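Note sheet for the following structure.
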Amino acid sequence: MSFQPLTQEPDIQSKWLEQGAFSISTQDIGAREPYYTLVMLPYPSGRIHMGHVRNYTLGDVAARFQRMRGKAVMHPLGWDSFGLPAENAAIKHGIHPAIWTRENIADMKAQIQRLGISYDWDREIASYLPDYYRWNQWLFLQMWKRGDVFRALRNVNWCEALGTVLANEQVVDGKDERTGHPVVQRPLEQYFFAITNYADELLKGLEGLDWPDNVKAMQRHWIGRSEGARLRFAVPEQPAVEVFTTRMDTLFGVSFLALSIEHPLIEAQADQDPKLRAFVARIQAQSREERMTADVKEGQRTALHAVHPFTGELIPIFAANYVLMDYGTGAVMGVPAHDERDHEFAVKYGLPIPKVIDSTDPWEPGTLVNSGEFDGLSSEAAAQAMVARLGDRADRAVTFKLRDWGLSRQRYWGTPIPTVHCPEHGVQPVPETALPVRLPEDVAFSGAGASPLTTSQAFLAAACPICGGPARRETDTMDTFVDSSWYFLRYLDPKNEALPFDKVAADAWMPVDLYIGGIEHATMHLIYARYFHKVLRDLGMVSCDEPFQKLICQGMVLKDGFKMSKSKGNVVDPDEVLARYGADALRLFMIFAAPIEKELDWTGFDGIEGSTRFLKRVARLVDEHTLSAAPLPPREQLTREEQDLLRKLHQTIHRITEDLAVRYQFNTVVSSLMELVNAFGDLPLAAPHRGPVLQHALEAFVRLLSPVAPHLAEQLFGQLGGTGFAMAAAWPAADPAWMAADEVLVVVQVNGKVRGRVTVPAAATEDQRREAALACAEVLPHLQGKEIAKVILPPNGKLVNIVVKNTGE
RNA sequence: GCGAAUGUGGCGGAACUGGUAGACGCACUGGAUUUAGGUUCCAGCGGUUCAUUCCGUGCGGGUUCGAGUCCCGCCAUUCGCACCA
């Protein structure tokens with residue numbers, strides 16, 4: 001029948017779908033162990049790209065392997081279908097985001113099905129559908145009740161000309177990327193999830209996760225825990241200024257306080273100080289980007305002074321551009337002698353630079369000097385002593401870089417936040433019975449002005465849940481990261497109309513056994529989802545602490561060393577490859593060409609030609625084989641070559657199983673398959689038991705092939721007389737008795753250099769191995785005139801090292 | 001600057017606990033089959049050498065009978081964060 005992927009693969013795919021070969025249910029758990037393979041929720045941009053192909057193929061190999069091992073495999077896919085591109089398409093082409101999204105999903109789904117990925121499509125979800133986003137709203141209400149949601153002011157990117165808020169990615173060089181209108185920072189009242197309540201747990205939880213080190217490091221850094229102290233400086237006739245410091249020991253070196261321009265004290269002073277007001281206004285006018293990238297430290301002296309808590313000295317207070325309002329307390333004690341930034345600032349403004357720490361590196365801790373009663377103490381001891389001595393003016397404190405999660409978006413295409421604004425009762429959540437709050441259809445997409453939601457009168461009109469009076473419906477929508485923070489739970493119970501998911505289903509499958517996706521989600525998505533999962537646990541909805549036990553980040557797919565992108569014009573369309581080579585060849589190449597976590601360079605079609613060559617060879621091997629019903633003869637009746645083939649078979653089963661189950665090293669799975677195929681070629685045509693030996697080996701081989709090249713495996717499985725699906729057949733077991741050879745090759749080294757090889761019986765004792773090595777013909781010349789100091793025999797028995805030294809002359 | 005990772009043939013990469021460096025594939029070279037191209041098959045393919053001679057896993061040291069693997073010090077590349085008090 002040979003290898004005809006373009007006609008055979010679609011047939012096999014329809015058979016799988018018709019017979020529900022990929023479907024799974026919670027009832028399947030019991031006799032079978034659950035296994036949950038997940039890939040990151042894709043955005044339906046319209047076309048799949050090679051990155052998707054790589055990601056989904058990797059997940060599918062794991063899913064198919066675990067299924068064959070008898071696990072109940074959960075393997076779903078859905079669509080992260082809210083977000084800016086759909087709204088931009090609406091503005092640009094006048095097509096409604098829902099229609100654009102629906103069409104894109106249909107196209108991409110067809111492409112993915114053509115790859116033969118074994119998703120249980122009955123569990124497909126899409127976040128833009130009310131069936132899904134109503135549960136975002138429901139969860140928001142639960143979190144509101146628990147106090148996980150709050151409202152606060154935060155700066156947004158505001159474009160005056162458009163009268164709209166822009167997302168960070170829409171702002172380039174301080175301008176709207178579409179129109180070029182200037183963008184400034186402006187505070188707006190928004191909703192937040194109090195993720196910082198979980199900062200410590202999010203940090204500690206990383207320890208137990210089987211995740212790549214760099215991802216864990218990124219999260220640790222993102223959470224950014226630092227220990228120090230909070231300390232209040234008295235300011236005459238003003239409220240005290242609280243600072244956070246990790247270097248309490250340097251307190252005697254303070255020569256100024258630097259406050260953020262948003263600090264309340266600075267805001268109050270600016271009212272009466274024109275110079276300060278001008279400074280604040282100038283910094284405020286800078287775009288977010290300008291301000292983040294400015295590396296010049298600037299400040300403006302205020303008329304105020306703080307009192308040093310120990311010396312009583314008056315310390316000038318500055319407003320400074322390098323102090324961030326949302327880290328620590330928004331105020332810094334300036335210690336120029338022992339902090340690089342403070343030093344730069346003090347030099348610029350002519351402030352004193354008193355040295356108070358003796359150490360080799362001025363920025364590092366050491367021993368205190370010029371610090372009164374604390375002189376001579378170590379930095380660590382001094383910090384403790386100072387906090388104690390200051391009583392209620394200082395406390396030990398921990399600060400995080402992690403900020404609360406602002407979830408408001410002034411956009412149409414997202415989950416409406418389920419609240420109303422009542423003139424009487426303020427912001428009130430809508431009752432659960434009123435969910436979902438649906439997105440209205442009658443909106444205008446102009447790209448200018450406030451959110452399109454404000455153009456729907458029907459949507460805006462609401463009633464206050466407390467007084468029943470007229471209220472304005474909230475027009476902010478949720479960050480799409482909310483959608484992707486719990487979707488993996490909805491897959492487990494996608495049709496539930498009473499709850500987002502049932503706890504029984506969640507307990508059955510969670511945590512996810514293998515999560516595969518791009519490293520670009522190392523911080524945001526992977527922290528938000530962990531946070532949501534912990535909130536859900538505290539709501540009693542899930543039992544485990546962490547959602548994703550094992551994470552693998554696959555490398556990017558490149559073309560000639562560069563990221564594939566439309567603008568570079570170097571995109572390789574998966575459809576083109578599928579149309580020429582079929583799914584199996586593409587899958588095989590994706591798995592074989594590079595280790596999972598490394599970049600994969602698509603240098604041309606040579607690689608996939610090689611994959612096709614291999615698959616053809618495999619097909620030919622089975623075509624040329626004559627079916628044999630005879631039982632496999634006992635080992636002792638087989639010839640050496642026949643035994644060699646079966647030994648290679650069992651060694652390969654062992655290796656591939658380890659690579660898939662333990663090491664997650666998929667590229668060597670393909671190498672092992674190729675080696676085994678090469679070994680098939682070494683079996684002589686005249687081998688007396690060729691029929692049964694080959695039959696036995698091919699039946700096992702086809703199963704090993706099935707996760708990577710499932711279509712061809714299906715076809716060959718049938719050709720070899722198998723019934724049912726290859727994908728449902730049992731994974732072969734490696735027989736240790738077969739893996740061991742009765743003779744082993746021993747490498748003989750002299751002083752660590754390979755000098756010869758001898759074959760000894762597997763059962764040979766150490767003494768026999770030593771004898772054989774010393775008698776080895778190639779080794780003898782290297783022993784001439786030398787004294788044998790010792791002979792090393794490592795426990796693996798595959799090597800003998802003879803250590804010699806020169807005798808006299 | 002801080003953090004993490006990675007350096008192995010012309011290329012992608014193997015080498016699992018320190019034990020035959022270069023598996024497997026791509027490209028290339030020669031040969032066979034073929035009218036030819038393609039396909040398929042066989043052989044070769046790190047450098048060097050008269051020689052299985054010596055050299056060789058980014059560089060320099062070290063530990064060891066033995067180092068791609070472990071330790072110390074560099075260099076380079078990639079990624080992430082970046083005024084974090």
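The sequence lines fix the lettering, A, B, ..., with proteins before strands; numbering per chain opens at 1. Treat the numbers as computed from the prediction; the structure is a model and nothing was measured.
The CG-C1' distance, from A:Asp623 to B:U40, rounds to 14 Å in whole Å. Straight-line distance from the CD1 atom of A:Ile656 to the C1' atom of B:A23: 14 Å, rounded to whole Å. Taking atom CG on A:Asp659 and atom C1' on B:A15, their separation rounds to 12 Å, with Å as the unit. For the pair A:Lys216 NZ and B:C81 C1', the computed distance is 19 Å after rounding to whole Å. With rounding to whole Å, A:Leu600 atom CG is found 18 Å from B:G25 atom P. Rounding to whole angstrom units, NE2 of residue A:His221 and C1' of B:G1 are separated by 10 Å. Following rounding to the nearest Å, A:Leu588 (CG) and B:C26 (P) show an atom-to-atom distance of 11 Å. As rounded to whole Å, 14 Å separates atom C1' of B:A21 from atom NZ of A:Lys798.
Between A:Ile357 and A:Pro365 the shortest heavy-atom distance is CG2-C, 4.1 Å. Residues A:Asp601 and A:Lys559 come closest through the heavy atom pair OD1-C, 3.4 Å. The two residues A:Ser260 and A:Glu262 have their closest heavy-atom pair at OG-OE1, 2.7 Å. The shortest heavy-atom contact between A:Thr246 and A:Ser226 is CG2-CB, 4.1 Å. Contact between A:Ser672 and A:Thr652 at its shortest, heavy atoms only, is O-CG2, 3.8 Å. Taking both residues in full, the closest heavy atoms of A:Ser255 and A:Pro354 are given as CB-CD, 4.3 Å, listed atom of the first, atom of the second, then distance.
Salt bridge present: A:Arg770 and A:Asp767 bring a charged side-chain N and a carboxylate O closer than 4.0 Å. Ionic pairing of A:Arg647 and A:Asp644 is present here: one or more N-O contacts between side-chain nitrogen and carboxylate oxygen are shorter than 4.0 angstrom. Electrostatic pairing of A:Arg232 and A:Asp395 counts as a salt bridge here, judged by a charged N lying under 4.0 Å from a carboxylate O.
Atom C1' of B:U20 sits at a distance of 27 Å from the matching atom of B:C28, rounded to the whole Å. Of the P atoms belonging to B:G30 and B:A76, the separation is 42 Å, rounded to the nearest Å. Rounded to a whole angstrom, the distance from the P atom of B:G9 to that of B:A5 is 22 Å. A gap of 14 Å separates the P atoms of B:U6 and B:U17, to the nearest Å. Spacing of C1' atoms, B:C2 relative to B:G10, comes out at 38 Å, to the nearest Å. Of the P atoms belonging to B:C84 and B:C79, the separation is 23 Å, rounded to the nearest Å. B:U52 and B:G46 have their P atoms separated by 14 Å, given to the nearest Å. Going from the P atom of B:G13 to that of B:A67 covers 27 Å, rounded to whole Å.
Which of B:G80, B:A85, B:U40 sits closest to the side chain of A:Thr245 comes down to B:A85. In this structure, of B:C16, B:A85, B:A27, it is B:A27 that holds the atom nearest to the side chain of A:Arg613. Nearest nucleotide to the A:Asp606 side chain, out of B:A21, B:C83, B:C26: B:C26. Of all nucleotides listed (B:C41, B:C84, B:U20), B:C84 comes nearest to the side chain of A:Lys401.
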Show me the protein contacts with nucleotides 4-12 of chain B, counting only N or O atoms at under 3.5 Å.
from	atom 1	to	atom 2	distance (Å)
B:G12	O2'	A:Ala593	O	2.3

Using a cutoff of under 3.5 Å, can you pull out all pairs of nitrogen or oxygen atoms linking the protein to nucleotides 63-68 of chain B, with atom names and distances?
from	atom 1	to	atom 2	distance (Å)
B:C65	O2'	A:Asn801	ND2	3.4
B:C65	O2	A:Asn801	ND2	2.5

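The cationic atom of A:Arg154 (NZ for Lys, CZ for Arg) does not lie both less than 6.0 Å from the six-membered ring centre of A:Phe192 and within 45° of the ring axis.
If you check B:A14 for Watson-Crick or wobble pairing at under 3.5 angstrom, you find it has no partner at all. Across all strands shown, B:G60 forms a Watson-Crick or G-U wobble pair, both distances under 3.5 Å, with B:C72. The base-pairing partner of B:A27, taking Watson-Crick or G-U wobble contacts with both distances under 3.5 Å, does not exist among the strands shown. When both distances must be under 3.5 Å, the Watson-Crick or G-U wobble mate of B:G1 is B:C81.
For B:C55, one of the phosphate oxygens OP1 or OP2 lies less than 4.0 angstrom from a side-chain nitrogen or oxygen of A:Lys753. A close approach under 4.0 Å does occur between a side-chain nitrogen or oxygen of A:Ser226 and OP1 or OP2 of B:A85. Taking 4.0 angstrom as the limit, A:Gln665 places a side-chain polar atom (N or O) nearer than this to OP1 or OP2 of B:A15.
A:Asp342 comes within 4.0 angstrom of no nucleic acid atom, judged by non-hydrogen atoms across all strands. Using a 4.0 Å heavy-atom distance criterion, A:Gly224 is classed as making no nucleic acid contact. Contact annotation for A:Arg617: backbone-only contact, meaning every heavy-atom pair under 4.0 Å involves sugar-phosphate atoms and none involves a base. Among the protein residues, A:Arg220 comes within range of no part of the nucleic acid, since none of its heavy atoms lies under 4.0 Å from any strand.
Residues from residues 670-680 of chain A with heavy atoms under 4.0 angstrom of RNA chain B, sorted by number: A:Ser671, A:Met674, A:Glu675, A:Asn678.
Side chains of A:Leu390 and A:Pro309 form a contact here, defined as non-hydrogen atoms less than 4.5 Å apart.
Residue-to-nucleotide proximity on RNA chain B shows that, of A:Pro795 and A:Arg655, the 5′-proximal contact is made by A:Arg655. Checking A:Thr246 against A:Gly607, the closest nucleotide of RNA chain B that is more toward the 5' end is the one next to A:Gly607.
Glycosidic conformation of B:G46: anti, with the torsion beyond 90° of 0.
A perpendicular orientation is assigned to the rings of A:Phe614 and A:Phe701, their planes being inclined by more than 60° (bins at 30° and 60°).
Ring centers of A:Trp602 and A:Phe589: under 6.0 Å apart, within the cut-off. For A:Tyr349 and A:Phe256, the ring centers sit 6.0 Å or farther from each other.
Residue A:Lys348 qualifies as enclosed at atom NZ: its count of foreign heavy atoms under 6.0 Å is above 12.
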